[in-house]
Amino acid sequence: MAADAYSARLRDRRGHRPGGPGAPAVTSMDLDAATLVLGAGVTVLTHPLLYVKLLIQVGHEPQPPIMGTNLFGRKVLYLPGFFSYARYIIKVDGKKGLFRGLTPRLVSSAISTVVRSRARQAIPLSDMEHVSNKDDIKTTLNKVVTETSHEMVVQCVSWVLIHPFHVISVRCMAQFVGREVKYSGLFGSIVRIYKEEGLMGFFVGLVPHLMGEVIFLWCCNLLAHLINTYAVDDNFTHAPAVRSYTRFVMGMAVSLLTYPFLVVTDLMAINNCGLVAGNPPNFPVFKSWIHCWRHLGAKGHLFRGSSFFFRRVPMETAKFTIE
């Protein structure tokens, strides 16, 4: 009987479902394929959002602001939101124009999925258990630190591998500003970047990219741990449900704080590469990502593109326009 139980567990590990001898097997390869398909679908659906966000980040505002009122009844100038911007892109480039730069993003999504899957299979970690006030705080904190460190290493490897495709995608999308065709395809873009900038051209903006993602990961996990430990009581009826959403909520909050790293990463990817969007007079030639950060900070543009709706015109510009 013990042998039969062991054999059943062994079959489950190899991919057999406990639905009977004729039930189809679910292997890790099947799961990877499903994850790839799902990731590709999400990438396609969200690409227009990221495309519009990038054009806003580089300061491309082809449509005039619209007069509106705020909650206090005061007149305010609003820049066009996502839907207005998307309609403008369709008017200029057609519906396919919304998916400019999609191919490099699909490749990076596939690479990221495969790398993370293989890494987790090679170095498996036990599932995160919820933490309560009754647990040993030091032990659980060490567990969070260990698992976050493991996740950070895996994601850093993934980010380094996919960053060249991020650079290509950003440059393909930024061509909309100057109507260039310099980066027209994936392989052609790879050859052009290598000829003009060498190997390092594929990794411009990598440092702020890594810093933003690492800060985001650690803040999310540590804040979720502290909230689940000190703020959520086990006596509360819905404590498990609250804990399951804590990290998601923390992710939304922390993403706002780390958003400037994303802006700097994208601007460094197009800076001084021959595109109108990333060259003077739109932007100076940045000496480093810190120079870029300071430049954006001085102009109050570090959070540009963080909102798709109710985008107010900057105070100086709004005052000049109204007068």
Side-chain angles (χ1 to χ4, degrees), residues 35-36 39-58 60 98-116 119 151-177 180 182-217 255 258-275 277-279 283 286 288-289 292-293 296 302 304-306:
T35 304
L36 283 173
V42 173
T43 300
V44 172
L45 291 176
T46 59
H47 187 76
L49 292 171
L50 297 180
Y51 185 17
V52 172
K53 176 181 287 187
L54 175 73
L55 295 179
I56 296 174
Q57 286 175 349
V58 301
H60 185 55
L98 287 174
F99 299 95
R100 182 195 293 259
L102 175 61
T103 301
R105 287 199 63 227
L106 289 173
V107 174
S108 63
S109 175
I111 293 175
S112 177
T113 300
V114 172
V115 169
R116 294 180 185 184
E151 187 176 358
M152 179 186 68
V153 172
V154 172
Q155 293 199 16
C156 281
V157 172
S158 173
W159 293 325
V160 170
L161 292 176
I162 69 175
H163 189 77
F165 298 99
H166 177 76
V167 172
I168 295 173
S169 178
V170 168
R171 292 186 179 185
C172 288
M173 291 186 285
Q175 290 183 137
F176 180 83
V177 177
E180 297 104 338
K182 183 176 182 180
Y183 302 96
S184 56
L186 179 60
F187 296 105
S189 299
I190 292 174
V191 172
R192 181 176 287 276
I193 292 176
Y194 184 77
K195 285 184 177 181
E196 294 183 356
E197 305 171 52
L199 189 62
M200 295 306 296
F202 295 102
F203 297 98
V204 288
L206 176 62
V207 174
H209 186 182
L210 290 178
M211 289 184 64
E213 297 290 354
V214 169
I215 293 173
F216 173 83
L217 177 63
S255 64
T258 57
Y259 182 79
F261 289 98
L262 174 62
V263 178
V264 173
T265 298
D266 291 343
L267 289 185
M268 289 301 296
I270 63 173
N271 189 242
N272 198 29
C273 70
L275 298 180
N279 277 23
F283 291 101
F286 298 121
S288 65
W289 71 270
C292 178
W293 184 293
L296 295 175
L302 280 172
R304 187 162 58 185
S306 60

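For the side-chain contact (heavy atoms from CB on, under 4.5 Å) test with Ile270, the passing option among Val170, Leu54, Val167 is Val170; the others fail.
Side-chain atoms of Trp289 and Met211, non-hydrogen and from C-beta on, do get closer than 4.5 Å to each other. Side-chain contact between Asn272 and Phe286 is absent, with no heavy-atom pair separated by less than 4.5 Å. In this structure, the side chains of Tyr51 and Phe99 stay at 4.5 Å or more apart for every pair of heavy atoms. Residues Val214 and Gln155 form no side-chain contact, since every pair of their non-hydrogen atoms from C-beta on lies 4.5 Å or further apart. Taking 4.5 Å as the limit, every side-chain heavy atom of Val204 sits out of range of all side-chain heavy atoms of Asn271. Put simply, the side chain of Val44 does not reach to within 4.5 Å of the side chain of Arg105, judged on heavy atoms. Considering only heavy atoms from C-beta on, Leu55 stays 4.5 Å or farther from Met173 through its side chain.
Partners of Val153 by side-chain contact (heavy atoms from CB on, under 4.5 Å), not counting sequence neighbours: none found.
His209 places no side-chain N or O within 3.5 Å of a backbone atom of Val160 that could act as its donor or acceptor partner. Counting only distance, with no hydrogens or angles, the side chain of Lys182 and the backbone of Cys273 share a donor-acceptor pair below 3.5 Å. Listed for the Thr43 side chain is a donor-acceptor partner under 3.5 Å among the backbone atoms of Gly39.
Summarising the geometry of Trp293 relative to Pro260, their closest heavy-atom pair is CH2-CB, 3.6 Å, with the distance given to 0.1 Å. Across every non-hydrogen atom of Pro104 and Ile168, the tightest pair is CG-CG2, 3.7 Å. Contact detail for Ser189 and Cys172: the closest heavy-atom pair is OG-SG, 4.3 Å. Across every non-hydrogen atom of Val263 and Leu302, the tightest pair is CG2-O, 3.4 Å. In plain terms, the two heavy atoms of Ser306 and Tyr259 that are nearest each other are N-OH, 3.3 Å. For the residue pair Met268 and Cys292, the shortest heavy atom distance occurs at SD-CB, 3.8 Å.
Rounding to the nearest 0.5 Å gives a distance of 8.5 Å between NE2 of His166 and CD1 of Ile162. Remark: Phe165 CZ to Phe202 CZ distance equals 9.0 Å, nearest 0.5 Å. Atoms SG and CG, on Cys156 and Leu161 in that order, are 11.0 Å from each other to the nearest 0.5 Å. In this structure, the separation between CG on Leu102 and CG on Leu50 is 10.5 Å, given to the nearest 0.5 Å.
In this structure, a donor-acceptor pair under 3.5 Å is absent between the side chains of Thr113 and Thr35. Under 3.5 Å, the side chains of Arg116 and Ser112 contain a donor-acceptor pair of N or O atoms.
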Item to check | side chain to side chain contact (heavy atoms under 4.5 Å, CB included) between Leu210 and His163, intermediate numbers included | outcome: CA-CA 10 Å; Leu210 290 178; His163 189 77; over 6 Å; no

Item to check | Working for side chain to side chain contact (heavy atoms under 4.5 Å, CB included), residues Gln175 and Leu275 | outcome: CA-CA 7 Å; Gln175 290 183 137; Leu275 298 180; 3.8 Å; yes

Next on the checklist: Is there a side chain to side chain contact (heavy atoms under 4.5 Å, CB included) between Gln57 and Leu262? Walk through the geometry before answering.
Outcome noted: CA-CA 10 Å; Gln57 286 175 349; Leu262 174 62; 4.0 Å; yes

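Sequence neighbours left out, not one pair with a member in residues 260-270 passes salt bridge (charged side-chain N to carboxylate O under 4.0 Å, His left out). Every pair passing salt bridge (charged side-chain N to carboxylate O under 4.0 Å, His left out) that includes a residue from residues 197-214 is listed here, sequence neighbours excluded: Arg171-Glu197.
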